[in-house]
2 protein chains.
Amino acid sequence: MEQFFNDKIITAARFAKALGHPVRLHIFMLLSSQSHCYSGDLSEDLPIAKSTLSQHLKELKNAGLIQGSIETPKIRYCLNYENYELAKKIFSEIFIKN
Amino acid sequence: MEQFFNDKIITAARFAKALGHPVRLHIFMLLSSQSHCYSGDLSEDLPIAKSTLSQHLKELKNAGLIQGSIETPKIRYCLNYENYELAKKIFSEIFIKN
DNA sequence: TTCGTAGTTCGCAAAATTACGAACATTAGT
DNA sequence: ACTAATGTTCGTAATTTTGCGAACTACGAA
């Protein structure tokens with residue numbers, strides 16, 4: 001059924017789905033406003049278990065929206081700028097109506 | 001856990017979640033480009049059962065993104081413009097980074 | 001080597017999503 | 001009253017999502 005739709009729709013739906021949870025959207029918006037953050041800081045701020053946070057971060061990574069780099073012993077997360085631009089472009093195309 | 005997040009995030013996540021499926025995004029983009037459509041036309045175009053389509057339309061309605069009006073014996077769907085504007089505004093705020 | 005820190009993975013359970021066909025409701029026309 | 005057209009709802013099944021705690025990995029410091 002996926003094959004029925006064109007790439008743009010599949011890609012955009014994947015982005016939207018990844019952002020379709022308050023925790024993930026919160027993280028994404030944070031990174032959209034402050035260049036980077038550490039998983040530990042998120043864990044302190046958010047009312048969820050570390051393991052749950054880890055899963056949400058993995059989903060954002062799998063969707064291509066964020067990326068992490070190791071700064072032992074922490075992990076530094078920031079936006080995946082390439083896909084950020086792509087998502088921005090796609091969503092702006094979706095909301096064209098005046 | 002929902003209570004932890006502010007309204008903007010909850011609202012935006014609800015919109016994103018509703019658009020996080022290819023079928024629903026397809027419908028939304030169609031309505032964003034052509035003012036209205038009928039459920040029957042969608043049913044012919046899309047590779048899903050009528051009952052499944054009906055559920056997707058209900059979700060878009062529940063998320064506040066579309067609205068339907070009866071034109072017996074059909075139902076005419078169009079965007080919920082108020083929430084379209086809201087979603088447009090919120091998403092543009094999310095993607096601020098140049 | 002042992003300990004503490006940071007984070008992931010595993011195993012599990014509950015709930016939500018996705019999808020279908022059959023049955024049902026509504027309305028208009030014959 | 002019967003039929004056709006258009007959708008919705010119901011019941012069901014398979015899959016995915018969400019969330020947790022316990023166990024594990026990796027690494028640097030004492």
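Excluded from the calculations below are hydrogen atoms, water molecules and symmetry mates; all remaining heavy atoms, backbone and side chain alike, are included. Here is the naming used below: chain letters follow the sequence lines, and residue numbers restart at 1 for every chain. In this text the structure is predicted, and so the values were computed from the model without any measurement.
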Assign A:Q55 to base, sugar-phosphate, or nothing according to its heavy-atom contacts below 4.0 angstrom with the strands shown. base
Using atom CZ of A:F5 as one end and atom C1' of C:dT18 as the other, report the distance to the nearest whole Å. 13 Å
Which part of the nucleic acid does A:R76 contact within heavy-atom distance under 4.0 Å: base, sugar-phosphate only, or nothing? nothing
Contact interval (first through last nucleotide) of DNA chain D with protein chain B, 4.0 Å heavy-atom: D:dT6 to D:dG19
One pair to check against ring pair (Phe, Tyr, Trp, His ring centres under 6.0 Å): B:F95 and A:F28. What are the steps and the verdict? CA-CA 10 Å; B:F95 291 94; A:F28 186 78; 5.6 Å; yes
Test: salt bridge (charged side-chain N to carboxylate O under 4.0 Å, His left out). Region: residues 63-73 of chain A. Which pairs qualify, not counting sequence neighbours? A:E71-A:R76
May I ask you to verify if any side-chain N or O of A:K58 is less than 4.0 angstrom from the OP1 or OP2 atom of C:dT9? yes
Would you mind classifying the nucleic acid contact of B:K50 as base, sugar-phosphate or nothing, using non-hydrogen atoms under 4.0 angstrom? base
Measuring to OP1 and OP2 of C:dT17, would you say a side-chain N or O of B:K17 lies under 4.0 angstrom away? yes
Pair B:E85 + A:K97: basic N to acidic O under 4.0 Å: no
Mapping B:R24 and A:K74 onto DNA chain C by nearest heavy atom, which one lands closer to the 5' end? A:K74
Under a 4.0 Å threshold between the charged nitrogen and the carboxylate oxygen, would B:E59 count as salt-bridged to B:K17? no
Specify the residue among A:I48 and A:P73 whose closest nucleotide of DNA chain D lies further upstream toward the 5′ end. A:I48
If every non-hydrogen atom of A:P22 is compared with every non-hydrogen atom of B:I10, which pair is closest and at what distance? CG-CD1, 4.0 Å
Measure from OH on A:Y38 to P on C:dT8 and round the result to the nearest Å. 15 Å
The test is side-chain hydrogen bond (donor to acceptor under 3.5 Å, both in side chains); show your working for A:Y77 and A:S69 and say whether it passes. CA-CA 6 Å; A:Y77 283 100; A:S69 54; over 6 Å; no
Working to the nearest 0.5 Å, report the span between OG1 of A:T11 and CG of A:L86. 6.5 Å
Nearest-Å distance for atom pair CG/C1', residues A:L42 and C:dG7: 12 Å
Round to a whole Å and report the spacing from CD of B:E71 to C1' of C:dT27. 14 Å
Anything under 30° is parallel, anything over 60° is perpendicular, the rest tilted; go ahead and classify A:H26 against B:F4. perpendicular
Rounded distance (Å) that lies between atom P of C:dT17 and atom CG of B:L25: 17 Å
If only side-chain N and O atoms of B:T52 are considered, is one of them under 4.0 Å from the OP1 or OP2 phosphate oxygen of C:dC20? yes
Rounding to an integer number of Å, can you tell me how far B:M1 CE sits from C:dA15 P? 15 Å
To the nearest angstrom, the CD1-C1' distance between B:I75 and C:dA25 comes to 12 Å
Scan A:S39 against the nucleic acid and name what it touches under 4.0 Å (heavy atoms): base, sugar-phosphate only, or nothing. sugar-phosphate
Starting at atom CD1 of A:I70, determine the distance to atom C1' of C:dT8, rounded to an integer number of angstrom. 11 Å
Looking across every strand, which nucleic acid part, if any, lies under 4.0 Å from A:L53 by heavy atom: base, sugar-phosphate, or nothing? nothing
